[in-house]
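This one's a predicted model, so the numbers in the text were calculated from it and none came from an experiment. Whatever order the structure lists ligands and atoms in, that order sets their numbers, starting from 1.
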Amino acid sequence: MTPESSASIPFEHCDAPAATLTVGTRVLPTHYCLAPLAGYTHLAFRRALREVGGLGLATTDLVHATQLVGGHRHSLELIETHPEDRPLSVQIFSGRDEHLISAARWLQDRGYEGVDINMGCPMAKVNGQGGGARLLCDADHASRLVEQVVNAVSIPVTVKMRLGWDRDTIASPMLARRFESVGVAAITIHGRTRQQGFHGQVDLAGIQATVEAVERIPVIGNGDVRSVEDALHMRRVTGCAAVAIGRGAMLDPWLFRKIEDYEAGRPVREPTSDEQVDFLARHFHLMTEQHGDRSCFLFRKFAAWYGARLGVPEDLEQRLRLFTSHAEFDEIIAEIRQRHGERRTSVATALVKVPNGPVERW
Ligand SMILES: Cc1cc2nc3c(=O)[nH]c(=O)nc-3n(C[C@H](O)[C@H](O)[C@H](O)COP(=O)(O)O)c2cc1C
């Protein structure tokens, strides 16, 4: 398929209701949300993505509640936003209830419009302190904690969680029901257990069971959505009100726009060569707005991804990894425009790195 041609979607039209998605008092523009990917879904990427179109709600990378309230530089950077970066929720984590409560209040006092509690992170350093997915192991504690956060603020509080700690302790339907009863505004459910990490296939039946457990609040399905078909399939099979897309948005920043076009009955098209290179350049310029000259260094992380995603020839990819000035970046971009498509690659999911080795050692 040429970049400019229209893709036909070999999928029966989704008959999910077209009702707007509301999360508490917030009305979201679409049913397709950005799942947080720590280290990737930063402000510049979110803004570039929003400019492409189709994005409902975005959530920041997970932010350490204690460090946020303590004013740590990294945490403050993670919650930096912009008037165009709306609607946005800030995701917080901690093993200490009082820190989560203070962080939620702190965010509300500074004008943030939504707080998301992380109950899915599988990393040992988070679970070891009782945060992230560890909270799935004690339903009474998790419900009390969520209730306290909900009562501490008037902005909507949401929870992002996994199905359970492992397959013998599936907890998400019961937890979703309990969280709804204490006032949570929505739940995002990644259809894997903590034990699975990022392995295996996402369990749509597990997501469906979570959807069916609640009465009113939206459940946002998450996991392995890489295409328009995947997104519609998840909604149709599980009945989820919305879908959160993480790695799929990195691999295809045009995915939200494609879904929106498809649902509106417009032709679904791949980005043109110019649009692809424009996205790369825009991402960098938005990073520069936030980080100044440091963006030359910070952008290196994305060189391999853009190299593969955009078919950037290897020598230019290498230069994207090493450039030190804005003038140099502009030169590289000019050359990419000329030679774009010279390298034929397919993009592997593995480009968005997930932790290696047995999950017990993460
Ligand atoms: C590199 C990476 C970082 C992630 N960071 C977060 C995070 O900060 N908060 C969170 O709730 N989930 C995080 N996740 C999980 C994703 O939000 C998502 O639940 C998971 O990747 C499955 O969805 P996907 O297949 O659409 O990526 C992360 C996943 C990856 C691969």
Checklist entry - Phe198: heavy atom below 4.0 Å from ligand 1, yes or no? => result yes
Item to check | Cationic tip of Arg46 above Phe256 ring, under 6.0 Å, 45° of axis | outcome: no
Item to check | Short N or O distance, Asp224 and ligand 1, threshold 3.5 Å exclusive | outcome: yes
Checklist entry - For ligand 1, which atoms, with element, lie under 4.0 Å from some heavy atom of Gly223? => result 22 (C), 23 (O), 25 (O)
Item to check | Within reach of ligand 1, part of His190 (heavy-atom separation under 4.0 Å) | outcome: side chain
Checklist entry - With Phe284, which residues qualify under ring-ring contact (aromatic ring centres under 6.0 Å, His included), at least two apart? => result Phe299, Phe323, His326, Phe329
Checklist entry - What atoms of ligand 1 come closer than 4.0 angstrom to any heavy atom of Ala35? => result 17 (O)
Checklist entry - Can the ring centres of Phe279 and Trp254 be said to be less than 6.0 Å apart? => result yes
Item to check | Asp293 atom CG, neighbour heavy-atom count above 12 within 6.0 Å | outcome: no
Checklist entry - Can you tell which part of Leu62 has a heavy atom less than 4.0 Å from ligand 1: side chain, backbone, both or neither? => result both
Next on the checklist: Using a 4.0 Å heavy-atom cut-off, which part of Asn118 comes near ligand 1: side chain, backbone, both, or neither?
Outcome noted: side chain
Next on the checklist: Below the 3.5 angstrom mark, is there an N/O of Tyr40, backbone or side chain, next to an N/O of ligand 1?
Outcome noted: no
Next on the checklist: With a 4.0 Å cut-off on N to O distance, would you call Arg50 and Asp85 a salt bridge?
Outcome noted: yes
Checklist entry - Quick check: does Asn222 get an N/O under 3.5 Å from an N/O on ligand 1? => result yes
Checklist entry - Do any nitrogen or oxygen atoms of Pro36 come within less than 3.5 Å of a nitrogen or oxygen of ligand 1? => result yes
Item to check | Sidechain N-carboxylate O distance under 4.0 Å for Asp138, Arg144 | outcome: no
Checklist entry - Between Lys301 and Tyr40, is NZ or CZ placed under 6.0 angstrom from the six-membered ring centre and within 45° of the ring axis? => result yes
Next on the checklist: Can you tell whether the side chains of Glu270 and Lys258 come within less than 4.0 Å, N to carboxylate O?
Outcome noted: yes
Checklist entry - Out of Val225, Val243, Leu37, whose heavy atom is nearest to atom 30 (C) of ligand 1? => result Leu37
Checklist entry - Which is it for Arg226 and ligand 1 at heavy atoms under 4.0 Å: side chain, backbone, both or neither? => result side chain
